[in-house]
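Just so you know, ligand 1 is whichever comes first in the structure, and atom 1 is the first atom listed for that ligand.
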Amino acid sequence: MALLTLTRVSKRFRTDAPPAVDRLSLALEPGRILALLGPSGCGKTTTLRLIAGFEAPEEGRITIGGRVVAEAGSIDVPPEERGVGVVFQDYALFPHLTIEANVAFGLDRRSRDERRARVADVLALVELSGFARRYPHELSGGQQQRVAVARALAPSPAVLLLDEPFSNLDADLRSQMRDEVERVLRATGTTAVFVTHDQEEAFTIADEVGVLSHGRLEQIGSPETIYHRPATPFIAAFVGAADFLPGLVTTEGIVTEIGVFGNVEGREPGEKVRVMIRPDDVTFVPDPAGEAVVVRRYFRGSENLYCLALPSGHRVHSSQPSSAAFATGLRVRPDAHVLHVVTFPAE
Ligand code: ADP
Ligand code: MG
């Protein structure tokens, strides 16, 4: 049974603006990690606040562990009775309390000994056992984040909610903390919803990714499904580099300027479509008689990304090893091997 469900949940802050969350439905099984992914302002934080109980929906229902915690107009269980833990974007540690006291904060219903034992357990879990007597300002950003995670986990919540948990960390620390937090969530079997605008972060940690746009959940699925089978052009472009080439559906397949692809979606011959092309689908070889021209190279360290102009004026990108250096202006013959053919109706 799903541990967390949202059924057509909507939240509107202003009558003259579109809803921040728009009829959002999802179900999360116990022990699973869900990433809600989307650009700034798409309703990620509002969704978390609705689940936590800091906001009430105007429409829809939320259940946690089979219990209705919010039902528009009738039920509104307060945050402290929902069994949720929250890790805020800025960690929100109490600066005047020690790490120990910060972590013990949500445990006030337990005896002193129980409290002390639980604090020691969760601090050990996040590998901060030696830091109990310090104050937040005496810790690094990554350590503060681990304290925030320990504090949220201390009362053994049914669901842990994390709002852009890694956005305040430097790039190298970010990937380390990602692994660290995932390890803690997996080790404790915690069911978690974390929101992020970073698709790589969503893909590396989550079992399921839900893509939000303008308060609506456009698609929910495994990271592989979201990347290889995006439901909309918005998702296709948001979760990775994508070019779209015009294609014509024929009985032989989908004909485009750089090749003919299988009509795996079973579209009607004669239909005009846009075919999603990812940079890893495209290779090319230098050829003076080639029809495409290298117009730009983006050196990315571990790879070279090339932009190729096709005779029609459309452009596609091609990722190549960092050792493959080609000059702009070079004539080339592109070749596409599209493993996952995804098409959208032509505009
Ligand atoms: P995200 O976390 O994805 O960046 P938010 O959930 O914070 O997005 O915001 C979604 C939309 O709701 C935005 O347009 C934002 O301006 C609006 N919004 C969020 N909180 C409030 C609020 N308390 N009052 C009015 N509008 C809000
Ligand atoms: Mg936000």
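Using a 4.5 Å cut-off between side-chain heavy atoms of Ile, Leu, Val, Met, Phe, Trp and Tyr, with links allowed through other members, Leu161 and Ile205 fall into different hydrophobic clusters. By the rule that hydrophobic residues join a cluster once side-chain heavy atoms approach within less than 4.5 Å of another member, Phe54 and Phe194 end up as members of separate clusters.
Given atom 7 (O) of ligand 1, the protein heavy atom at minimum distance is Thr45 CB, 3.7 Å. If you check which protein heavy atom lies closest to atom 14 (O) of ligand 1, you get Gly41 O, 4.1 Å. The protein non-hydrogen atom at the shortest distance from atom 5 (P) of ligand 1 is Thr46 OG1, 3.6 Å. The closest protein non-hydrogen atom to atom 8 (O) of ligand 1 is Gly43 N, 3.3 Å.
For atom 21 (C) of ligand 1, a protein heavy-atom neighbour is present inside the 4.0 Å cut-off. Within a 4.0 Å radius of atom 16 (O) of ligand 1, the protein has no heavy atom.
Contact annotation: Gly38 has no heavy atom less than 4.0 Å from any atom of ligand 1.
Between His137 and Tyr135, the angle of the ring planes stays under 30°, which puts this pair in the parallel group of the 30/60° scheme. Aromatic ring orientation, Tyr298 versus His317: tilted (interplanar angle from 30° to 60°).
Between Glu208 and Arg32, at least one side-chain nitrogen of the basic residue sits less than 4.0 Å from a carboxylate oxygen of the acidic one, meeting the salt-bridge criterion. Look at Arg118 and Glu114 and you find no salt bridge, because none of the NZ, NE, NH1 or NH2 atoms lies under 4.0 Å from a carboxylate O. Arg186 and Asp207 are joined by a salt bridge, as a carboxylate oxygen and a charged side-chain nitrogen come within less than 4.0 angstrom of each other.
The distance criterion of under 3.5 Å between nitrogen or oxygen atoms is not met by Arg14 with respect to ligand 1. Looking at ligand 1, you won't find any N or O of Phe13 less than 3.5 Å from one of its N or O atoms. The shortest N or O to N or O distance between Glu55 and ligand 1 is not below 3.5 Å.
Glu58 pairs in a salt bridge (Lys or Arg N to Asp or Glu O under 4.0 Å) with only one of the listed residues (Arg12, Lys11, Arg8), which is Lys11.
Atoms of ligand 1 lying under 4.0 Å from any heavy atom of Ala20, numbered from 1 in the order shown and given with element: 10 (C), 11 (C), 12 (O).
Between the Mg ion (ligand 2) and Thr45 there is an N/O/S contact shorter than 2.8 Å.
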